[in-house]
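Heads up: the structure comes next, in structure tokens.
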Amino acid sequence: MNIDKIIYNAVGKALKELYQSEAGGNQIQIQNTRKDFEGDVTIVVFPFLRFSKKPPEETAEEIGRHLLAHVKIIKSYNVIKGFLNLVIGNGYWLNILSEAYSTERYGIAPQEEKPELAMVEYSSPNTNKPLHLGHVRNNLLGYSISEILKANGKKVVKTNIVNDRGIHICKSMYAWQKWGEGKTPENSGMKGDHLVGEFYVEFDKHYKAEIAGLTEKGLTKEEAENQAPSILGARELLRKWEAKDEETVGLWKTMNQWVYAGFDVTYKKLGVDFDKIYYESDTYLVGKDEVLRGLEEKIFYKKDDSSVWADLTKEGLDQKILLRNDGTSVYMTQDIGTAKMRFADYPIDKMVYVVGNEQNYHFQVLAILLDKLGFEWGKDLYHFSYGMVELPSGKMKSREGTVVDADDLVEGMVKVARNMSIELGKLDTLSEEEAEKTYRMIALGALKYFILKVDPKKNMLFNPEESIDFNGNTGPFIQYTFARIQSVLRKADDSNIKVKNTFDISSFSDKEKGILKRVSLFPGIIKEAGDNYSPAVIANYCYELVKEYNQFYHDHSILSEPDGEIRNFRLILSSTVGKVVKTGMDLLGIEMPDRM
RNA sequence: GCCCCGGUAGCUCAGCUGGAUAGAGCAACUGCCUUCUAAGCAGUAGGUCAUGGGUUCGAAUCCCGUCCGGGGUACCA
């Protein structure tokens with residue numbers, strides 16, 4: 001049983017017997033003892049004063065005496081002001097250690113008997129340009145949250161909704177037809193998503209020039225924007241597409257395939273994947289049908305210009321458009337359709353949308369609309385809302401060319417990792433292929449950790465110039481410590497040091513105990529991360545554990561200790577820490593190299 | 001205007017279901033490579049937790065006001 005729970009129950013019993021009072025809920029506060037005081041677990045006694053009607057010190061003293069007499073694992077206690085510090089006996093910690101040591105993936109809950117099915121939507125790209133830094137944060141969070149939910153016993157379906165239709169892709173198509181000169185990924189050697197993205201930029205360039213020309217001729221800005229030949233061409237393509245014109249649909253398919261091939265490479269690089277992919281070209285008509293049904297059932301209403309609306313004033317919100325006056329869908333319509341299809345495909349208990357916080361309002365509305373339409377899961381959808389990634393120059397803007405491309409970013413990181421490793425001469429003994437694999441692990445470790453350690457809901461700043469640190473609270477530091485642990489275990493193995501599963505030492509240091517305490521709390525951390533949908537909880541926890549481990553073992557030789565028991569104890573502790581850290585990093589999608 | 005989120009060291013971030021002296025890393029400075037690996041370790045310096053009030057034995061943490069920053073706000077996705 002968890003130490004907090006044992007103490008909690010014991011304190012409750014003590015209060016009952018000493019003061020005949022029922023304390024419950026959060027009146028009993030258990031916390032880890034601060035490093036500077038003696039003890040492992042601390043009870044805050046201030047809340048009990050109203051029961052004891054005695055000064056804090058005296059109350060703490062009485063409870064301490066009672067606990068010492070009744071709870072076996074408590075070795076001693078001390079009182080400082082209103083804080084009762086308990087010292088837990090070594091036996092308890094040794095149990096924790098051997099339990100953790102013998103567990104395969106430490107801290108991972110087995111899947112529940114009847115697991116809840118959670119569907120996690122993330123990534124959700126447009127098909128007119130490559131993935132950028134913002135998508136990277138989205139992808140890493142989505143993947144990690146899925147893994148954390150699994151670790152908490154849920155069944156998870158990872159899904160991606162691809163926004164493959166609309167004016168944006170038509171712009172790229174128009175530019176390709178007009179100025180593409182038959183370029184393809186094959187004959188240009190370019191990644192498909194980058195190629196299509198280039199035509200999107202090309203379109204914008206011409207479009208802007210045309211607007212400038214037209215305004216010079218005396219048109220207003222708005223007139224110019226609506227009369228420029230480029231935009232008319234793109235709109236024409238959209239109309240043709242909706243009318244299922246063969247040639248247009250053919251080009252649309254071809255260019256989207258290029259993009260998908262490019263995305264696949266990026267996803268693979270990032271180590272993320274999906275169980276089921278939805279396309280908006282399939283779902284938007286379903287959404288339209290649902291809205292029309294809602295209209296028939298008088299849930300929605302039609303305005304004079306024949307656009308369809310939902311009135312949410314009763315919910316304290318505004319009115320929301322669902323179909324334009326020409327009958328075409330808006331974003332919301334598509335999301336309704338997508339939701340309907342998903343719930344038809346899977347028995348979903350919990351739907352999680354990993355989407356930026358700029359869309360908080362959208363999801364608030366979506367939940368209400370789905371509820372109104374009679375989907376019972378509607379109001380339970382969870383919008384996992386994360387903050388934006390900002391650059392030193394401010395927000396990323398694709399038009400201003402301040403976007404950090406995902407592929408460039410990863411390759412840049414690999415280059416830094418390679419240069420640094422070669423400079424340090426770290427991986428000289430490895431084959432080129434193995435070394436290259438390790439550079440990639442380190443680069444991705446740095447990038448992923450850098451992004452995931454930040455509280456997801458907060459905006460974060462990313463400075464591509466300074467790139468990312470490999471020192472301090474970083475992925476590589478954790479990977480490095482893991483690699484050292486592997487090294488210790490290899491050496492122990494080579495020198496035939498036998499690691500026994502049973503051991504007994506009379507005492508160990510506060511530092512060792514501190515490491516054990518952290519290890520013992522790890523399953524709770526995974527749970528907390530799941531409840532809060534926050535990989536950052538795990539990241540920062542693992543850093544603290546690794547730092548503590550590193551500080552302690554740096555100055556101690558494990559392999560040349562004269563005393564076999566101590567040696568084995570430390571080996572087992574090392575191995576356990578390695579296991580815990582590896583588990584934590586798995587949940588973040590970070591690979592752990594054996595050497596670096 | 002209205003709604004939501006944020007403000008902690010020079011910089012990037014932890015800590016926030018109220019608890020003891022607010023923590024890391026980077027940057028600066030000082031030491032440490034014959035032990036598993038210096039991508040490291042030990043140390044110095046750096047704080048009015050935006051600000052004013054309130055709640056209480058106790059507030060970075062909860063409540064209210066103010067200031068600053070970001071986002072959203074009826075036919076972009």
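The figures here come from the full heavy-atom set of this structure, side chains too, leaving out hydrogens, waters and symmetry mates. It should be emphasised that the depicted structure is a prediction, and the values quoted were computed from it without experimental measurement. Residue numbers begin at 1 in each chain, while the letters A, B, ... track the order of the sequences.
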Requested in this report: Whole angstrom is fine here: how far is it from CD in A:Glu423 over to C1' in B:A38?
Outcome: 13 Å
Query raised in the report: If you pin A:Asn85 and A:Asp305 to their nearest nucleotides in RNA chain B, which one's is more 5'?
Result: A:Asn85
Query raised in the report: Would you call the rings of A:His556 and A:Tyr553 parallel, tilted or perpendicular, where under 30° means parallel and over 60° means perpendicular?
Result: perpendicular
Query raised in the report: Whole Å only: how far is the CZ atom of A:Phe470 from the C1' atom of B:A38?
Result: 17 Å
Query raised in the report: What distance, rounded to whole Å, do you find between the two C1' atoms, one in B:U12 and one in B:U37?
Result: 27 Å
Query raised in the report: Looking at A:Lys517, A:Arg518, A:Lys511, which hits salt bridge (charged side-chain N to carboxylate O under 4.0 Å, His left out) with A:Glu548?
Result: A:Arg518
Requested in this report: Pick base, sugar-phosphate or nothing for A:Asp594, based on heavy-atom distances below 4.0 Å to the nucleic acid.
Outcome: base
Query raised in the report: Counting any heavy atom closer than 4.0 Å, what does A:Asn126 reach on the DNA or RNA strands: base, sugar-phosphate only, or nothing?
Result: sugar-phosphate
Query raised in the report: Any N or O donor-acceptor pair linking the side chain of A:Asp469 to the base of B:A27 at under 3.5 Å?
Result: no
Report task. Pick base, sugar-phosphate or nothing for A:Asp493, based on heavy-atom distances below 4.0 Å to the nucleic acid. Result -> nothing
Query raised in the report: Roughly, in whole Å, what's the span from CG in A:Asp455 to P in B:G23?
Result: 20 Å
Report task. Would you tell me whether A:Tyr331 and A:Gln359 have side-chain atoms, one donor and one acceptor, within less than 3.5 Å of each other? Result -> yes
Query raised in the report: Taking 4.0 angstrom as the limit, do A:Asp494 and A:Arg490 come out as a salt bridge?
Result: no
Query raised in the report: Rounded to the nearest Å, what distance is computed from the CG atom of residue A:Leu545 to the P atom of nucleotide B:G23?
Result: 20 Å
Set out, line by line, the N/O atom pairs under 3.5 Å between protein and nucleotides 68-70 of chain B.
from  : atom 1 : to       : atom 2 : distance (Å)
B:G70 : O2'    : A:Asn459 : ND2    : 3.4

Requested in this report: Would you classify B:C57 as syn or anti? Syn applies when the glycosidic angle is within 90° of 0.
Outcome: anti
Report task. Just call it for A:Tyr361: base, sugar-phosphate, or nothing, with non-hydrogen atoms closer than 4.0 Å on any strand. Result -> sugar-phosphate
Query raised in the report: Contact class for A:Asp326 vs. all strands (heavy atom < 4.0 Å): base, sugar-phosphate, or nothing?
Result: nothing
Query raised in the report: Do the side chain of A:Tyr207 and the main chain of A:Glu225 share a donor and acceptor less than 3.5 angstrom apart?
Result: yes
Report summary line: Walking RNA chain B from its 5' end, the first of A:Lys426 and A:Tyr543 to be reached, judged by nearest nucleotide, is A:Tyr543
Query raised in the report: Side chain of A:Thr474, base of B:A39: donor and acceptor closer than 3.5 Å?
Result: no
Report task. Would you indicate which nucleotide in B:G71, B:A77, B:C36 comes nearest to any side-chain atom of A:Ser487? Result -> B:C36
Query - Donor-acceptor side-chain pairing of A:Thr42 and A:Asn85 below 3.5 angstrom - result: yes
Query raised in the report: Ring centroid separation for A:Phe363 and A:Tyr353, is it under 6.0 angstrom?
Result: yes
Report task. Select base, sugar-phosphate, or nothing to describe what A:Gln359 touches, counting heavy atoms under 4.0 Å on all strands. Result -> base
Report task. Using the C1' atom as the reference point in each nucleotide, state the distance between B:G47 and B:G7 in Å, no decimals. Result -> 15 Å
Query raised in the report: Any idea which of B:A39, B:U37, B:G19 is nearest the A:Arg595 side chain?
Result: B:U37
Query raised in the report: Which part of the nucleic acid, if any, lies within reach of A:Thr481 when heavy atoms closer than 4.0 Å are counted: base, sugar-phosphate only, or nothing?
Result: nothing
**Report entry** Set of salt bridge (charged side-chain N to carboxylate O under 4.0 Å, His left out) partners for A:Glu528, sequence neighbours left out
**Finding:** none
Requested in this report: Measure distances between side-chain N and O atoms of A:Thr42 and base N and O atoms of B:A20, and say whether any donor-acceptor pair falls under 3.5 Å.
Outcome: yes
**Report entry** Short side-chain donor-acceptor distance under 3.5 Å, A:Glu280 and A:Thr283
**Finding:** no
Query raised in the report: Does the side chain of A:Tyr361 reach to within under 4.5 Å of the side chain of A:Val365, using non-hydrogen atoms?
Result: yes
Query raised in the report: Do any pairs count as a side-chain hydrogen bond (donor to acceptor under 3.5 Å, both in side chains) and have a residue in residues 530-541 of chain A, sequence neighbours left out, and if so which ones?
Result: A:Lys527-A:Asp531
Requested in this report: Calculate the interatomic distance between A:Asp335 atom CG and B:C76 atom P; express it in whole Å.
Outcome: 16 Å
Query - Interatomic distance where CG belongs to A:Asn463 and P belongs to B:A27 [whole Å] - result: 14 Å
Requested in this report: Determine the contact category for A:Ala483: base if any of its heavy atoms lies under 4.0 Å from a base atom, sugar-phosphate if only primed atoms, P, OP1 or OP2 are that close, otherwise nothing.
Outcome: base
Query raised in the report: Once each nucleotide of nucleotides 55-61 of chain B is scored for protein heavy atoms under 4.0 Å, what B/S/- sequence comes out, 5' to 3'?
Result: --B----
Query raised in the report: Rounded to the nearest Å, what distance is computed from the CD atom of residue A:Glu528 to the C1' atom of nucleotide B:G15?
Result: 11 Å
Query raised in the report: Tell me, which pairs form a salt bridge (Lys or Arg N to Asp or Glu O under 4.0 Å) where one or both residues lie in residues 306-324 of chain A, sequence neighbours left out?
Result: A:Glu315-A:Lys372
Report task. Could you label the plane-to-plane angle of the A:Trp241 and A:Tyr284 rings as parallel, tilted or perpendicular, counting under 30° as parallel and over 60° as perpendicular? Result -> tilted
Polar atom pairs between nucleotides 2-12 of chain B and protein, under 3.5 Å, N or O only, would you list them?
from : atom 1 : to       : atom 2 : distance (Å)
B:G7 : OP1    : A:Lys458 : NZ     : 3.4

Query raised in the report: Of all residues at least two apart in sequence or in a different chain, which pass the ring-ring contact (aromatic ring centres under 6.0 Å, His included) check with A:Phe470?
Result: none
Requested in this report: Verify whether one side chain among A:Thr127 and A:Asp164 offers a donor that lies under 3.5 Å from an acceptor in the other.
Outcome: no
Query raised in the report: Any donor-acceptor pair under 3.5 Å joining the side chain of A:Asn471 to the base of B:C26?
Result: no
**Report entry** Test ring-ring contact (aromatic ring centres under 6.0 Å, His included) applied to A:Tyr480 - qualifying residues, sequence neighbours left out
**Finding:** none
Query raised in the report: Looking only at side chains, do A:Tyr549 and A:Ser574 share a donor and an acceptor under 3.5 Å apart?
Result: yes
Report task. Looking at every strand, decide which applies to A:Ile167 at a 4.0 Å heavy-atom threshold: base, sugar-phosphate, or nothing. Result -> nothing
Please write out the pairs of protein N or O atoms and N or O atoms of nucleotides 41-45 of chain B separated by less than 3.5 Å, giving the distance to one decimal.
from  : atom 1 : to       : atom 2 : distance (Å)
B:A42 : OP1    : A:Gln551 : NE2    : 3.4

Report task. Mind calculating the distance between CD1 (A:Ile30) and C1' (B:G19) to the nearest angstrom? Result -> 13 Å
Report task. Convert the base pairs of RNA chain B into dot-bracket notation, remembering that pairs crossing earlier ones are written with [ ] and that bases paired across to another strand are shown as |; include only Watson-Crick or G-U pairs under 3.5 Å. Result -> ((((((((.[[[[.)...(...]]]].(((((.......))))).....[[[[[..)....]]]]])))))))....
Requested in this report: Assign A:His168 to base, sugar-phosphate, or nothing according to its heavy-atom contacts below 4.0 angstrom with the strands shown.
Outcome: nothing
Query raised in the report: Which of these nucleotides, B:A20, B:C75, B:A77, is closest to any side-chain atom of A:Gln334?
Result: B:A77
Query raised in the report: What pairs with A:Tyr77 under ring-ring contact (aromatic ring centres under 6.0 Å, His included), at least two apart in sequence or on another chain?
Result: none
Report task. Using only side-chain N and O atoms of A:Arg34, determine if any of them is under 4.0 Å from OP1 or OP2 of B:A22. Result -> no
**Report entry** Pi stacking test for A:Phe83 and B:A20: under 5.5 Å apart, planes under 30°
**Finding:** yes
Report summary line: A:His554 meets the ring-ring contact (aromatic ring centres under 6.0 Å, His included) criterion, sequence neighbours left out, with none
